[in-house]
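The analysis underlying the following values was restricted to heavy atoms, covering all of them including side chains, and did not include hydrogens, waters or symmetry mates. For this chain, numbers begin at 1 and follow the sequence in order. As the structure lists them, so they are numbered: ligands from 1, and atoms in each ligand from 1. Just so it is clear, the structure is predicted and the values come from calculations on it, not from any experiment.
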Amino acid sequence: MIRVSNTFCLERKEGIRMSDHMPDDLSAAGRDLRAYTDELRPRHGVVRNVQGEWVLLRHELVVQAALAHELFSSAVSSHLHVPNGIDSAEHTAYREALDRFLTPAALAPFHDEFRRVAADLVASLPRGVAVDAVSQVGVRFAVRAQSAWLGWPADLEDRLVGWVAENHAATRSGDRSWTRQVAESFDDLIRSVLEPRRSAAREDGTDDVTARLMRTEVSGRPLTDAEIVSVLRNWTGGDLGSIAQCIGVLVHYLATHPAVQDRLRSGVPDAEIDAIVDEILRIDDPFVSNRRVTTCPVTIGGVELPQGARVKLNWTSANRDEAVFGDPDVMDPEHNAGRNLVYGIGKHACPGRWLATLEMRIAIQELLAATSSIALDPQQPAERAGSPVGGWASVAVVLA
Ligand code: HEM
């Protein structure tokens, strides 16, 4: 038996009672999943959901599992996921080849384009009537900004928007064959982008992010077609949804916390906006969890897991752990930044952090610059997203 750390063994081994199982359709009725994990977490660091997965709820346990990557493998799927589903030195080689696309310096040339995308979108939104911050702001902005970054044609927008919606619906349904079909339809969409540019990328030296990715080498050999499609799926497919959900959370927070909205309207430095955005997302992290599988028997949080156990690192719950943050709803960016887990921790920590931070900062700045107030629509209450998606399904706001 390997133990992640001796401190785990000091904890009493907690039995997992049936009542502590986490149903996965919890928020189908619009319930906020955070309230449920807030209730469970003080009593149980580890619970089991109806799929038989072990869900880590406490900050300490999520961090320990994320850092113990030899014991908690990311190779959870039989499909190729570059770099998400890969471990060890092979994973490091992919990250070295791919992270260079996502550094602040690599993203600097896109600032103006992202600002133009955000300003045009905000200018097109109606004033004085309800606008949905998720579908009309978050999804549209995420799709347009990502297309601008990757050099993809603007006429793909509606297909990508449709894909984000279907992906959410499939994820919520828990129907694996539907989820697989949706992933395959995304791969077809990506192939339709790559095919016509294949000769251009290799022969005329076209120089945008997609073309450069097509010329990228890992461990001294070019990426295969399957790897390129997988990287693009992970860069866009998963993250269009995350940025859109995050924008929904941010707009809801600003609409319900006028003092924070006023503070941001007063023209604070970029670093302060970024810190406030990270802290709002810590309080309501819509990127709920990632999966792992144990490579040998492990004891974590006093619970013995066999080899091959399926584990979920619940970032949303860990980011609200009262043992670390006190009252999880109190906004304290400076104090909480060092333990914020919105972008994960360890070898698999999010390489897209700077891109996400930049896009969200620009979206919020442009939204505030073009309005004098953002308020919730009293006629249409905001609706929580259904598990396992976090954040809000819709946030009707009125812009003035
Ligand atoms: C606000 C938006 C985002 C959030 C909250 C977020 C969050 C996360 C988290 C928590 C992880 C850790 C996964 C794990 O440990 O298994 C992760 C990984 C990852 N993220 Fe993000 N992410 C966001 C945006 C992005 C963007 C814009 C990109 C790329 C364009 C991106 C690409 C990735 C990739 C490729 C991984 C896997 C890294 C690996 O396994 O080594 N993310 N993200």
Q) What residues, two or more places apart in sequence or in another chain, satisfy salt bridge (Lys or Arg N to Asp or Glu O under 4.0 Å) together with Arg353? A) Asp278
**Q.** Partners passing salt bridge (Lys or Arg N to Asp or Glu O under 4.0 Å) against Glu279 (at least two apart in sequence or in another chain)
**A.** Arg282
**Q.** No-hydrogen, no-angle side-chain donor-acceptor test under 3.5 Å, Thr371 and Arg265
**A.** yes
Determine all donor-acceptor pairs shorter than 3.5 Å in which one atom belongs to a side chain in residues 393-400; sequence neighbours excluded.
none

Q: Answer with yes or no after comparing the ring centroid distance for Phe101 and Trp235 against a 6.0 Å cut-off, counting only values under it.
A: yes
May I have a table of the N/O to N/O pairs between ligand 1 and the protein that fall below 3.5 Å, each row giving the two atom names and the distance to 0.1 Å?
from     : atom 1 : to     : atom 2 : distance (Å)
ligand 1 : 15 (O) : Arg292 : NH2    : 2.8
ligand 1 : 16 (O) : Arg292 : NH1    : 2.8
ligand 1 : 16 (O) : Arg292 : NH2    : 3.3
ligand 1 : 40 (O) : His348 : ND1    : 2.6
ligand 1 : 41 (O) : His91  : NE2    : 2.6
ligand 1 : 41 (O) : Arg95  : NH1    : 2.7
ligand 1 : 41 (O) : His348 : ND1    : 3.4
ligand 1 : 42 (N) : Asp239 : OD1    : 3.0
ligand 1 : 42 (N) : Asp239 : OD2    : 3.4

Q. Think Arg384 forms a cation-pi with Trp392, using NZ or CZ under 6.0 Å from the six-ring centre and within 45 degrees of its axis?
A. yes
